[in-house]
Participant: 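Below: one structure in structure tokens.
The figures that follow rest on heavy atoms only: side chains count, while hydrogens, waters and symmetry mates do not. Chain letters run A, B, ... following the sequence lines, proteins first, then strands; residues in each count from 1.
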Amino acid sequence: MDLVTVLVALFIGAYATIALIAWRRPLLGRLAMREAVRRPAQSMLLVAGLMTGTAAILAMSLIVDSAVNLDLLATELGWGHVDLQVTKGGGFFSRSVADDLTSDPAVRSRLSGIQAGADLLAGVTDLDRNMVSPMVRIVGYEPASQAPFGEFTLLNGSQTTGADLGPGSVLISRYAVDALDAHQGDLLRITSAGGAVDVHVGGILQAKGAGLFGGGPGILAIVYAPLASLAPVVPDGMINVVRLSAGGEGQGEIDRAHRAVPFVESVLGRSSEPLVVQEVKANDLKVAGEGPSAGRPFLTSFAVIILAAGTLLVVNLMFALSEERRPRLAVLRALGLTRSGQVMLSLLEGSLYALAAGLVGIVPGFVFAGVMWRQLVVSFGAPPDLVPLAPQTSSLIGAVTLGTLITLATVGLASFRGSRMSIAAAVKELPDRPGRRSRWRTAGIVALVLAALAAVVVNVPAARVMGGTVLISVAALIAARRLRPRPRAALLGLAIAGWNLLEVGRGSGVGGSDFIAWVISALLVSFGLAILGIAGYPLLETLIAMPGLGRTRAALRPSLAYLSRRPVPAALGVTTIGIVLSFLVDVQQVQVVSEASLERSAGRFDIAVLSPGNQDFAIPSQFSNQLTEQESIAGHIYTGSVRTYGSGANNDTTAGHQTLALVALTADQLTHPVFTIANRDGRYATDADAFRAMTSDPSLVLVNNNMNIGDHNDVELQSVSGTIHYRAIGTVNSPFVSGLVGSESSFAAFSDLPAGNILLLKTAPATDVAALARQIQQTVIREGAQVITRQQAIRQEVLMGLAFWNLIGILFTVGLIVGVASIGIIALRAVVERRRAIGLLRSLGFGPGMIMYGILVEALLTALTGAAIGVGLGLYELSQYITASHLAVSVLDYAALARTVALILGAVIVVTILPALQASRLAPAQALRLID
Amino acid sequence: MEKDTIVQARRLRKVYRGANEVEALRGIDLAVERGEMVAIVGPSGSGKTTLLNCLSGLDAFDGGQVVVDGQDLSTMSDRARTAYRSKNMGFVFQAFNLLPVLSAVENVEIPLLLQNLNSRDSRRRSLEMLETLGLAHRANHRPDQLSGGEQQRVAVARALVHKPAVVWADEPTGNLDTEVTQVIVELLVRMNKDGQTIVLVTHNPQVAERAARTLHMRDGRIERTDQGDRSAAEAAQ
């Protein structure tokens with residue numbers, strides 16, 4: 001039985017019970033309804049607050065649920081109906097292979113589509129717009145055989161196989177439009193190793209159907225060109241891929257394709273070419289299904305935080321409602337309502353709010369999820385249209401029922417607690433005296449201790465941290481008689497923070513499988529520090545114990561006491577702000593740190609010219625006097641299966657169809673290195689030693705930061721001669737170089753692959769680098785080469801990782817909004833709870849301003865403490881990230897930090913000002929209920 | 001002896017405006033002498049608490065004049081009344097009304113802090129006051145750790161610590177048992193003997209009879225005035 005089924009069953013059970021109560025006790029039902037509509041504004045505010053929590057829960061459910069399928073869906077849509085591919089390791093082969101397959105009856109009867117094609121990366125220049133992109137995917141196809149693979153859908157909605165395109169016309173993806181600023185009819189020049197060809201933009205595609213083919217992570221700009229239009233980029237009579245479709249949909253299509261493989265191999269075996277057939281779609285789907293979605297553990301863990309923030313808001317609201325209703329409930333109790341009757345009445349009323357909030361929360365939940373989803377998909381390098389948000393009915397139902405049940409549970413808890421009221425005290429709005437401890441409490445504590453001990457000894461990090469925290473809390477409870485409250489709270493906070501900091505410090509979470517444990521630990525560190533900070537609040541009064549500040553001390557005293565004498569409830573509000581802000585700080589600062597680190601380790605070259613295809617590319621001589629050094633690095637573009645293996649204890653394995661640059665350094669470049677190495681394998685004492693080793697061992701390579709290959713991993717590529725193994729011994733320090741970097745002999749097996757060239761330039765002192773880059777670009781644009789400065793390259797590298805971080809930023813901004821809203825609710829609750837105390841203070845001589853000041857100080861202290869914890873914890877987490885990512889520098893954007901904190905404080909004032917004003921306007925006699 | 005009037009009310013009126021208008025005070029005239037202990041009694045709804053609220057500045061009134069220790073409350077703004085209350089009034093309530101999150105001494109200290117007294121002196125005087133009332137050993141206890149009688153004694157300490165002109169007590173023994181009532185009443189009498197002016201509202205005839213003068217109220221008017229067991233002159237000795 002899955003979770004949603006359980007939730008639905010509980011929901012139905014709860015509301016059926018409530019309906020039964022209303023039917024059997026119509027008076028209670030009437031009273032509940034009257035209370036709900038008595039003050040419509042208050043009820044709407046309550047529903048709005050509850051709705052925020054429900055919307056956050058719903059949005060997270062939708063995101064996590066959709067993210068689980070993101071990899072699978074992106075892969076499914078990216079391959080479309082291409083189930084099998086015949087290739088020669090990327091190299092060109094005769095078109096007759098496709099003809100042989102088409103004419104073979106065994107193959108033809110098992111496949112619905114066979115298409116000769118091309119698949120390569122090339123530089124594309126929009127000659128009309130003067131824009132260039134060096135890495136555009138060129139999908140060559142045959143319109144006559146396109147139908148089984150699906151039609152293209154143009155922006156105007158019409159569909160085509162491409163057969164009606166004029167000669168030399170191509171279709172382009174919308175991302176190619178963005179990359180080139182291309183328009184319909186524009187003249188494009190496609191440049192590769194084989195040469196260059198000019199084509200026209202015959203149509204712009206929607207991201208659906210065949211127009212999604214090839215839309216995998218990283219390559220979004222695609223040109224779909226009939227083969228006949230691509231000579232000499234694709235040599236005449238030659239192709240580098242045969243696409244095969246088994247027809248049908250889903251698993252049936254994959255199974256049919258699998259059964260067709262032996263027959264395809266039989267045909268290929270008759271060819272002299274070293275051709276292989278791969279079940280490309282099935283293989284990638286398998287990888288997508290086996291491995292976790294890259295962001296799933298992060299999202300699930302972060303969802304816990306947002307859920308907690310939403311739940312806290314709900315809890316605060318319902319306890320505020322319970323306090324407000326207390327005197328009236330006490331009167332009913334005095335008239336004869338039983339305890340259970342009181343609980344039922346509260347549940348009846350609460351169920352109305354819960355249901356309303358659950359239903360109303362659907363709309364903002366979807367809106368929020370839609371915004372976040374778009375960001376997530378972009379972070380995966382996929383077009384947002386490729387993978388729309390996929391709301392599952394089960395997610396919707398699950399979130400609504402969960403949000404409603406949390407509210408109901410809170411109402412139940414609050415009403416059960418409230419039913420133990422002293423009627424006489426409650427009628428007069430006096431506080432209850434503490435009751436006697438029951439034996440059940442002791443039994444409960446013993447059971448909790450045993451469970452916590454068990455949790456600590458099991459080898460599950462999440463259980464360990466929570467178990468330890470529970471044991472510490474129980475110890476503090478036991479020490480209540482021996483220690484005074486403030487020192488006890490301080491020790492409790494210190495112990496919780498310390499215990500959980502051990503787990504955070506292990507850094508097992510950053511990118512690791514224990515991320516959930518890491519997030520929970522960070523949450524508990526925040527909680528512990530919050531309690532510690534709150535325990536110290538009374539010291540603030542001592543700090544201002546100066547002559548003439550008595551009134552200020554008087555104004556502060558109640559506020560500080562309300563916070564510090566009930567540290568745990570106060571800590572919840574602080575913790576929400578703290579933990580959410582800590583992650584926001586990380587998001588904010590990661591870009592700064594990454595950029596600075598890349599700048600420091602970027603090497604000596606200022607400009608790079610990326611030229612697809614032309615390995616003898618040279619800079620026009622007119623620029624020579626502005627350059628002090630030039631270094632040409634050759635390479636090939638590999639598209640195919642990439643398998644990586646973790647090294648040492650971390651044996652993660654990933655595989656998939658990827659496009660990868662293979663950068664070959666000459667012997668001279670290995671002897672006189674062009675760049676430095678980061679996170680070098682410990683076996684090599686210096687960079688020179690590592691490069692020397694690469695000279696003699698072709699299996700040793702360097703990787704680039706942005707590739708999903710960790711340094712010290714093993715890598716496997718597929719060539720025509722078989723599987724080639726590599727071992728990564730470090731990360732290359734250059735924003736211009738990506739993929740694998742090795743010696744010429746490392747990539748000898750891939751010499752047939754499309755070639756390219758990177759020309760690195762060092763400018764003379766005092767040269768305007770940006771201006772020079774623009775000038776060079778103008779002269780080489782028609783050759784499909786792109787010129788990029790070091791600054792631009794660094795920015796691009798940073799931006800590639802930013803989409804995901806921005807997603808996390810959006811997520812936690814919402815969390816922060818929920819946290820700030822909680823503080824406003826707490827202030828509102830304080831006004832209700834402390835009405836009599838406010839009246840007393842006014843009678844003693846507190847002016848309205850002092851009352852308002854007290855409420856605002858409480859809220860601001862909560863926010864400030866949360867901000868301090870958030871910034872501190874965030875910077876600690878950032879330091880772990882810097883270490884784990886082997887970044888070279890540690891810099892901070894202090895202005896951004898200050899702005900964020902100021903914004904939080906401003907928001908807190910905004911949400912607290914009305915309750916504070918309300919409190920200040922309470923007339924003393926009224927507030928004290930001094931009436932005849 | 002020359003009378004020294006500390007509280008003077010002339011034609012005091014208070015109207016509660018709601019669904020119906022209720023005239024809670026219908027032109028009250030009264031005077032309280034310095035050092036006097038005056039009890040106000042009457043049935044529920046007679047206006048005794050309203051009278052106390054208006055005389056003490058806790059509530060505004062709709063007509064007439066109230067002068068306390070030479071200050072005309074009717075011409076004061078809310079801010080001025082608040083400031084005046086903090087310096088010159090002490091309050092004891094039926095429901096004790098101690099701040100639950102502060103200890104006994106912290107509660108007592110508040111009126112002194114409002115006078116901008118330095119922290120050392122305010123703490124010392126508060127502890128002295130608690131000692132006077134036999135509660136020094138409970139100074140650091142919170143209200144939920146004190147009995148009803150102890151809480152009310154702390155409230156009395158708070159009312160007296162800044163030596164106000166007048167202490168206003170609204171049903172100070174209403175929530176207490178007979179034994180503790182006696183203790184509180186003796187305390188108030190003792191303070192009065194020391195010269196403290198006290199005006200209290202009570203339902204308890206045994207409490208009222210300890211006052212120098214008892215004002216009987218009905219329907220918003222003072223019906224009659226009785227001299228108590230203790231005259232003002234006796235109370236001043």
Participant: Taking it one step at a time, do A:F846 and B:T82 satisfy side-chain contact (heavy atoms from CB on, under 4.5 Å)?
Facilitator: CA-CA 7 Å; A:F846 273 52; B:T82 303; 5.7 Å; no

Participant: Please determine whether a side-chain nitrogen of the Lys or Arg among B:E106 and A:R565 lies less than 4.0 Å from a carboxylate oxygen of the Asp or Glu.
Facilitator: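 Yes.
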
Participant: Apply side-chain contact (heavy atoms from CB on, under 4.5 Å) to the pair A:L844 and B:H162, showing each step before the final yes or no.
Facilitator: CA-CA 11 Å; A:L844 292 179; B:H162 57 304; over 6 Å; no

Participant: Taking every non-hydrogen pair under 4.5 Å, which of B:R81, B:R79, B:R142, B:R158 racks up the most with chain A?
Facilitator: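 Most pairs with chain A among the choices: B:R158.
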
Participant: Rounded to the nearest 0.5 Å, what separation is found between the CZ atom of B:F93 and the CZ atom of A:R836?
Facilitator: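 Between atom CZ of B:F93 and atom CZ of A:R836 there are 9.0 Å.
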
Participant: Can you name the closest pair of heavy atoms from B:N116 and A:G550 and give their distance?
Facilitator: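 Closest approach of B:N116 to A:G550, heavy atoms only: OD1-N, 2.9 Å.
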
Participant: So which heavy atom on B:L114 is nearest to which on A:R551, and how close?
Facilitator: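 Heavy-atom minimum between the residues: O-NH1, 3.1 Å.
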
Participant: Provide the closest heavy-atom pair for A:G845 versus B:S86 in the form atom of the first, atom of the second, distance.
Facilitator: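 In this case the closest contact between A:G845 and B:S86 is CA-CB, 3.5 Å.
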
Participant: Mind listing the closest non-hydrogen atom pair of A:S843 and B:R85 along with its distance?
Facilitator: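 Nearest pair, atom of A:S843 first, then B:R85: O-NE, 3.0 Å.
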
Participant: Pair B:D78, A:R921 - check salt bridge (charged side-chain N to carboxylate O under 4.0 Å, His left out), show working.
Facilitator: CA-CA 11 Å; B:D78 179 64; A:R921 286 176 182 163; over 6 Å; no

Participant: Taking all heavy atoms of B:V101 and all of A:P558, pick out the closest pair and write down the distance.
Facilitator: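 Shortest heavy-atom separation between B:V101 and A:P558 comes out as CG2-O, 4.2 Å.
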
Participant: Let's test your reading of the structure: which of B:Q115, B:M89, B:E171, B:E109 forms the most heavy-atom pairs below 4.5 Å with chain A?
Facilitator: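 So the answer, after comparing B:Q115, B:M89, B:E171, B:E109, is B:E109.
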
Participant: Is A:R484 close to chain B through its backbone or its side chain, or both, or neither, when contacts mean heavy atoms under 4.5 Å?
Facilitator: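 No part of it gets close to chain B.
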
Participant: Within the structure provided, determine whether B:L99 and A:L840 are in side-chain contact (heavy-atom separation under 4.5 Å).
Facilitator: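 Yes, close enough: below the 4.5 Å cut-off.
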
Participant: Side chain, backbone, both or neither: which part of B:D121 has a heavy atom under 4.5 Å from chain A?
Facilitator: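 Nothing of B:D121, per the 4.5 Å heavy-atom cut-off to chain A.
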
Participant: Examine whether an atom of A:P538 lies under 4.5 Å from a heavy atom of chain B, and if so say whether it belongs to the side chain, the backbone or both; otherwise answer neither.
Facilitator: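 Looking at A:P538, nothing touches chain B.
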
Participant: So which atom in A:A561 and which in B:L102 form the shortest heavy-atom distance, rounded to 0.1 Å?
Facilitator: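 Of all heavy-atom pairs spanning A:A561 and B:L102, the closest is CB-CD2, 3.3 Å.
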
